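A, B, ... follow the sequence lines: proteins, then strands. Residue 1 opens every chain. Small disclaimer: the values here were computed from a predicted structure and weren't measured.
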Amino acid sequence: KQEVTQIPAALSVPEGENLVLNCSFTDSAIYNLQWFRQDPGKGLTSLLLIQSSQREQTSGRLNASLDKSSGRSTLYIAASQPGDSATYLCAVTSANSNYQLIWGAGTKLIIKP
Amino acid sequence: DTGVSQDPRHKITKRGQNVTFRCDPISEHNRLYWYRQTLGQGPEFLTYFQNEAQLEKSRLLSDRFSAERPKGSFSTLEIQRTEQGDSAMYLCASSYSLQVTDTQYFGPGTRLTVL
């Protein structure tokens, strides 16, 4: 059974710092991995999707990497801003889970001005 | 396009009552998903529709839960005889895809509190 873990559960950093969020999964036979952002009262927004054949994806100040063999992904945020404060969740899909999203519990990120 | 909308945003009910939530997906999206999320956890898949057909249901979806998507447009999720353990955020998402996976667009959720 696929399990997705995100550590730490919470992270607080000063504005302007670069930071890395971690995601690990137990079954490396994934189809893709996605990073989402969740703001209170505003649902979830997809940030980046990495196919299993890809190593990384970039969007603006965000860069997500995928190491399928080790069951790990990282989300790198450059030059953090207070507006980046949110909970970040990763989710994977695989044939073993009927391609449904299997989610981590998220990392709550606070960027201090 | 205004995105995925859910109604109501908040619902407080007493144990044993029935509740119904509505989700309006992005127009022309063929897939619609329901998830449940409790505090500090990621969403848990409940069920999904491709057009009007309910293709998959999680084991989390007990017989007290029922979902419909008449005419392949909006969807409703009904919980009968609510229990305190049903208290959670219920999220709806929609997508357009002919592939096995897709990019899902989420609504703001309905927060249910069962007293």
(Q) As a test of understanding, state which of B/Tyr48, B/Phe49, B/Tyr96 forms a side chain to side chain contact (heavy atoms under 4.5 Å, CB included) with B/Arg31. (A) B/Tyr48
Q) Is it the backbone or the side chain of A/Gln34 that comes under 4.5 Å from a heavy atom of chain B, or both, or neither? A) side chain
Q | Short side-chain to backbone donor-acceptor contact, A/Asn18 and A/Ala79, under 3.5 Å | A | yes
Q.
Taking side chain as everything from C-beta outward and backbone as N, CA, C, O, which of these in A/Leu44 sits under 4.5 Å from a heavy atom of chain B? Side chain, backbone, both or neither.
A. both
Q) Parallel, tilted or perpendicular: which fits the ring planes of A/Trp103 and B/Tyr35, with parallel below 30° and perpendicular above 60°? A) perpendicular
Q) Is there a side-chain contact between B/Phe106 and B/Tyr33, using heavy atoms and a 4.5 Å cut-off? A) no
Q.
Quick check: under 4.5 Å, non-hydrogen atoms only, which of residues 63-75 of chain B neighbour chain A?
A. none
(Q) As a test of understanding, state which of A/Gln51, A/Gln57, A/Glu56 forms a side-chain hydrogen bond (donor to acceptor under 3.5 Å, both in side chains) with A/Gln54. (A) A/Gln57
Q) At what distance, to the nearest 0.5 angstrom, does CD of B/Gln50 lie from CD of B/Glu56? A) 12.0 Å
Q. Listed by residue number, which members of residues 6-14 of chain B have a heavy atom under 4.5 Å from any heavy atom of chain A?
A. B/Arg9
Q. Is any side-chain heavy atom of A/Leu101 closer than 4.5 Å to a side-chain heavy atom of B/Phe45?
A. no
(Q) Heavy-atom count check: over 12 atoms from other residues, nucleotides or ligands less than 6.0 Å from B/Leu55 CG? (A) yes
Q. For B/Ile79 and B/Phe21, what are the C-alpha separation, side-chain angles and deciding distance, and is it a side-chain contact (heavy atoms from CB on, under 4.5 Å)?
A. CA-CA 9 Å; B/Ile79 309 174; B/Phe21 309 141; 4.1 Å; yes
Q) Okay, side chain of A/Asp27, backbone of A/Ala29: is any donor-acceptor separation there less than 3.5 Å? A) yes
Q. When rounded to the nearest 0.5 angstrom, what distance separates CD in A/Gln6 from OG1 in A/Thr87?
A. 9.5 Å
**Q.** Contact winner vs chain A - B/Gly109, B/Gly40, B/Cys92, heavy-atom pairs under 4.5 Å
**A.** B/Gly40
